[in-house]
Amino acid sequence: MSRQSAPSSGIRFERVSVAYGKRGGLGARGANGTYTALDSFDLTVEPGEVMALLGPSGSGKTTALRAVAGFVQPVSGRVLIGDRDVTALPPHRRGIGMVVQQYALFPHMRVEQNVAFGLKAQRVPRGEIAGRVAEALEMTGMAAYARRYPRELSGGQQQRVAIARALAIRPGVLLLDEPLSALDAQLRSGMLAELARLHRELPDVSILYVTHDQVEALTLADRIAVLDKARLQDCGTPQDLYRRPRTEFTASFVGNANLLPVSVGTGGVRFAGTELAVATVDVMPGADAILCVRPHLVGLGEGENTLRGTIAEVQWRGSTHRLFVDVAGHRVKADVRELRETPALGAAVALHFAAHDAVLLPAGTGQAATGPVAGETDAEAAASTPSVTAVVGAISVAKGAGGDIDG
Amino acid sequence: MLVHSRTGRWATWIVFFALFLPLFALPLLVIVAASFSTHWSGAFPSGPTTEHYGAAVRGESLEALTTSLITALTASVLALAVGTWAALAAAALRRRGKRVVDALFMLPVAVPSVVVGLAVLVAFSKPPMLLNGTRWIVILAHGVLVTAFAYQSVSAAVTRLDPAYEQAAASLGARPWLVLWRVKLPLLLPSLNAAAGLCFALSMGELSATMMLYPPDWMPLPVRIFTATDRGSLFTGSAVAVVLMGTTLLVLLAVSRIRTRASYR
Ligand SMILES: Nc1ncnc2c1ncn2[C@@H]1O[C@H](COP(=O)(O)OP(=O)(O)O)[C@@H](O)[C@H]1O
Ligand SMILES: [Mg+2]
């Protein structure tokens, strides 16, 4: 398939702030009754890069995307696409492809007309349109459905058409707003692979991928920007964020880590009267800090670092058990290989983790994503956590970039 | 069906006919019966004839029918254009502005149509806006009266329209007029359709404002019915009324047959 793409162009946010009017919004309100949905947002998406914008619902992800598309006007800051400042440009002159959650396929047009719409709007020569429509539908595997109306397609097929429509105009930048959230779990993993393949076929297209799902972000993205409460919290490669989160929020939102309040000594930390060894102590001795340990790196029994507590809850998750253990008033999560016998509630157990699996965060780097560590029984987190582990493992193998970070 | 038991279904039908027949069907049936008779002194009409229909589709009455059709079609097209434009414009306004426009377009509905007729008469009786005595004053008054309904039904549809469609179109590079023409209007077509039918039906039946305005050479059908019955030709009037009813229904049927792909959503 020969295909000349638009010159590759990245996206740059320069201290972009967006405020909505007096209605709506639950959070911080400015003096004049407006609601800041995006606060001094700085982010650079390199040409050809897949950047995931990850954050909980209401954190401002869609708002950031709308600022790129031109549907909201920032109150301050600049948005650049390539070298072009597009902050004041109307949406139709920005040259971006966009796919939203509900696809927004034009119901009165056939699939091929939907895909041709952008080409006609951009005055592509008539003779060229049919070929490019076919090419876009081919690429998304929808060529056989060209004559159908959107209502005659399944959700997954509509999704493909929406992507074909966005790609047909050969945008340098593709914006995807939770494109998989309307699909069921199975279709979702299929579409994730499809998106990855599309990006391999179109390596010049920069993709800004908005999602609240860490698995999607970890699977697809070259880098992840973590957004919370209208602010950028963290940004880095998936491995980076997963293994070395820089804030409590990232640690708990990406991969659902245990966060233990500790005081820093020389060469180690102290948690609830227990001395614990950590690989690197880059926090001033005497200060308070947060020790972050992933549940799947915590094992049963004694080891390098041992915590003793009582079992508060046990969840069976097929191949693993998740144990919730009360340690000195804090609830510690541990994912262990499926146990022959389910431990009794209230039983005394020992947990251990290796020093190099723990990350020390300075205290006061924002709140944890799931509130207090205790009482975490969130079903969604429960379902996705094991696969996150698998995903990161797979990425390390595929990109050959694992190991060195952990030290 | 909502009612599942057999007796319940029967009861529903009985209630339906008990309400529908006397309230809606009977008066219409009486007119139809009257249009075919020469006398009506007892409980039932007598002297069946079709001669009234001969009069109703010829000469003055036929002229009145075409007058009504042209008036209603022109007024509806005008109202639809103005109402749609205003509804689209109002949607882009802030809330307060939209409320003002909403109120403005409510006026012709809230004010009795006689008053609207009088207002149009007074306003267009002097140069340079001298329309009095021409057909245009009738068409204008009908336009004013039905624009309110067009505005309201289109405005409701515009509010319901998902902005995701126009945003998708804009992101694909479509300039605003193209978005309007190829995306918004087609999506609004079902509502425009319904609004057109409503405007047409209202205009076909308009009497009170028309009475104050019509020039001798532009007498719509309702006025003709009124003058006929006023002169005592009750049966001729009935026949003309049946023709009016039939024509209106036919046109409404035709409008409702215009299928719009957007309505299949
Ligand atoms: N059109 C709007 N008017 C007012 N407030 C809005 C509007 N759109 C979004 N918001 C508010 O801005 C915040 C961020 O919204 P959004 O960017 O859609 O979040 P996300 O996509 O991360 O879920 C939310 O608190 C939301 O209530
Ligand atoms: Mg969103």
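Numbers restart at 1 for each chain; the letters A, B, ... are given by sequence-line order, proteins then strands.
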Query - Nearest non-hydrogen partners of A:Gln159 and A:Tyr103, listed with the distance - result: OE1-CE2, 3.4 Å
Query raised in the report: Most heavy-atom pairs under 4.5 angstrom with chain A, which of B:Pro163, B:Ala164, B:Ala169?
Result: B:Ala169
**Report entry** Whether A:Phe106 and B:Tyr165 hold their rings parallel, tilted or perpendicular, with breakpoints at 30° and 60°
**Finding:** tilted
Requested in this report: Give, as side chain, backbone, both or neither, the part of A:Arg165 having an atom under 4.5 angstrom from any heavy atom of chain B.
Outcome: both
Query raised in the report: What's the spacing between B:Thr7 OG1 and B:Ile14 CD1 if we round to 0.5 Å?
Result: 10.0 Å
Query - Top contributor to chain B interface from A:Val100, A:Leu105, A:Leu175 [non-hydrogen pairs under 4.5 Å] - result: A:Leu105
Query raised in the report: If you take all heavy atoms of A:Ile96 and A:Ile169, which pair is closest and at what distance?
Result: O-CD1, 3.6 Å
